[in-house]
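Here the structure comes first, spelled out in structure tokens, and everything after it is commentary.
Order of listing sets the numbers, starting from 1, for every ligand and every atom in it. On a predicted model such as this, the values are computed, not experimentally measured, just so you know.
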Amino acid sequence: MTNGAAAAVSHPNIAFIKYWGNRQDDLRLPANGSISMTLGGLLTRTSVRFDSQLEADQLTVNGQPASEEARLRVSAHLDYIRSLSRSAEYAVVESQSDFPSAAGLASSASAFASLTLAACAAASLELDPRDISRIARRGSGSACRSVFGGFVEAYTGETDLYGYAQQLAAPDHWDLVDWIVVSSQEPKQVGSSEGHRLAAASPLQATRVADTPRRLNLCRQAILGRDFAALASVVEQDSNLMHAVMLTSQPALMYWQPETVQLMQAIRRWREQGLSVCYTVDAGPNVHCLCRGEQAEQVVHQLESLVPEARLIRSGPGGPARLVTA
Ligand code: PMV
């Protein structure tokens, strides 16, 4: 094989209906389906260059050599892509994100979506977005959703072949804004890979998983009908359900910080006062505050006066993962 190179960009996503726990850990086949919005305001760019002279894969993240743990995870992902292209060449991988990694901002989603697209192109594999989504899922479960733009649903997938995502609605379908309130940039203590493994230890997980089709349906209908009140109700319930599982795993995971709770309570209050706003929290302390585009400025004023120290990142629905010139 010739030395192939390619680069791709992709956005992280915020899950409205969250994936937590795997039915099969090695393949990252999710225990439940999920729905997200791709976050156009944040970007990861990943380049991949296969080189027959290399003796191992190399990885830099934001200009720094990555940890051995991260390099091995990327290398295992590339092994699968190499098995598809019947190649044994190692690669130089460079990944750059414009937002803090490992703080519950789904950096692994955009990292593995852009890595998968770039690596498959560099390996001259001709695959459709569904295949890219399926392969990205093997690197990070939520990455299968970042392959698509707008509003996206991921399926549980009985087998590896069926574990992929699909677009529900295009980015311009609904002018929603996610204000990400970055109150902590500390890397989280327990990463989501470990968290997924702990989920089954909570007695609440089976109930949460069994109820997921109902929440998926409510969320799908709310998005398609642009019904913010219905969306707010199911998004907050879903986030609380996932954190209830985390809090009752063994050992218990508590991602919330005092500001997380302060913000969740304030956002509920603002909604009671008439603002179209709701919260959702991933595997980290930072709150995502969702609102209608036309109320985004009103909402940011509220956030600024409540948490003046926090960094606020605005994001609307973004486009799909795409190749860029290397
Ligand atoms: O893709 P992972 O392994 O980082 O898991 C993502 C987990 C959550 O962000 C908490 C939920 C989700 O569906 O994105």
Side-chain angles (χ1 to χ4, degrees), residues 10-39 42 44 69-70 73-74 76-77 97 99-116 133-148 151-157 163-165 168 178 180 187-199 202 205 208-209 212 215-216 219 234-247 249 253-256 260 279-288 290 315 321:
S10 72
H11 306 290
N13 63 77
I14 180 62
F16 292 172
I17 302 298
K18 301 192 188 290
Y19 137 63
W20 195 244
N22 289 317
R23 108 193 8 232
Q24 204 180 320
D25 273 322
D26 56 343
L27 290 175
R28 295 179 193 270
L29 275 173
N32 63 278
S34 56
I35 292 179
S36 60
M37 180 173 95
T38 301
L39 296 173
L42 309 170
T44 299
E69 190 189 349
R73 185 166 168 190
V74 163
H77 196 62
S97 290
F99 57 96
S101 60
L105 296 183
S107 56
S108 67
S110 51
F112 277 94
S114 53
L115 170 68
T116 304
S133 171
R134 182 182 65 79
I135 298 169
R137 187 212 76 236
R138 299 171 65 113
S140 164
S142 56
C144 71
R145 300 187 308 242
S146 275
V147 171
F148 298 95
F151 301 87
V152 182
E153 176 161 2
Y155 306 109
T156 43
Y164 54 79
L168 274 179
D178 178 10
I180 306 164
K188 54 195 168 202
Q189 301 293 315
V190 179
S192 46
S193 299
E194 177 60 14
H196 290 301
R197 278 191 286 274
L198 293 175
S202 163
Q205 170 72 346
R208 189 191 73 91
V209 168
T212 308
R215 300 192 308 285
L216 285 170
C219 186
V234 71
V235 163
E236 288 192 358
Q237 187 185 42
D238 187 85
S239 175
N240 293 344
L241 270 169
M242 181 183 73
H243 286 273
V245 167
M246 291 164 161
L247 288 163
S249 293
L253 295 177
M254 192 186 289
Y255 288 109
W256 294 347
T260 318
Y279 67 77
T280 185
V281 183
D282 274 350
N286 296 321
V287 171
H288 292 248
L290 303 169
S315 185

Worksheet entry | Atom indices of ligand 1 within 4.0 angstrom of Ala15 heavy atoms, with elements | 12 (C), 13 (O), 14 (O)
Fill in: Modelled atom types, side-chain donor and acceptor of His196 and Trp20, under 3.5 Å
no
Worksheet item: Just checking, any donor-acceptor pair under 3.5 angstrom between side chains of Arg137 and Ser142?
Response: no
Worksheet item: Going by heavy atoms, is Ser193 under 4.0 Å from ligand 1?
Response: no
Practice prompt. Enumerate the atoms of ligand 1 whose separation from the nearest heavy atom of Ala283 is less than 4.0 angstrom.
Written response: 10 (C)
Discussion item. If we check side chain to side chain donor-acceptor pair (under 3.5 Å) with Thr44, which of these qualifies: Ser107, Ser108, Ser146, Ser110?
Written reply: Ser110
Worksheet item: Does the side chain of Ser34 come under 3.5 Å of the side chain of Arg145 through a donor N or O and an acceptor N or O?
Response: yes
Worksheet item: In Å, rounded to the nearest 0.5 Å, how long is the span from CG of Leu253 to CG of Leu247?
Response: 8.0 Å
Practice prompt. Answer yes or no: is there an ion pair linking Arg197 with Asp25, defined by an N-O contact shorter than 4.0 Å?
Written response: no
Discussion item. Under 3.5 Å between any N/O of Ser34 and any N/O of ligand 1: does that happen in this structure?
Written reply: no
Worksheet item: Are any of the heavy atoms in Ala109 under 4.0 Å away from ligand 1?
Response: no
Item to complete: Identify, by atom number and element, the atoms of ligand 1 in contact range of Lys18, meaning under 4.0 Å from any of its heavy atoms.
Response: 11 (C), 13 (O)
Worksheet, complete the sentence: atom 7 (C) of ligand 1: of Tyr255, Phe16, Tyr19, the nearest heavy atom sits on Tyr19
Discussion item. Suppose I only count heavy atoms of Ser140 and a 4.0 Å limit; which atoms of ligand 1 are within that range?
Written reply: 1 (O), 2 (P), 4 (O)
Item to complete: Find all atoms of ligand 1 within a distance of less than 4.0 Å from any non-hydrogen atom belonging to Met242, and give their numbers and elements.
Response: 10 (C)
Discussion item. Under 4.0 Å from a heavy atom of Gly141: which atoms of ligand 1 are those, numbered in the order shown and with their elements?
Written reply: 1 (O)
Worksheet item: So, His77 versus Thr116: side-chain donor-acceptor pair below 3.5 Å or not?
Response: yes
Discussion item. Is a donor from one side chain sitting under 3.5 angstrom from an acceptor on the other, for Tyr279 and Asn240?
Written reply: yes
Worksheet item: Counting only heavy atoms, which portion of Ser142 has something under 4.0 Å from ligand 1: side chain, backbone, both, or neither?
Response: both
Discussion item. Within ligand 1, which atoms have a heavy atom of His196 less than 4.0 Å away?
Written reply: 2 (P), 3 (O), 5 (O)
Worksheet item: Hey, which atoms in ligand 1 end up nearer than 4.0 Å to a heavy atom of Ser192?
Response: 2 (P), 3 (O), 4 (O), 5 (O)
Worksheet item: So, Lys18 and Asp238, do they make that salt bridge, N to O below 4.0 Å?
Response: no
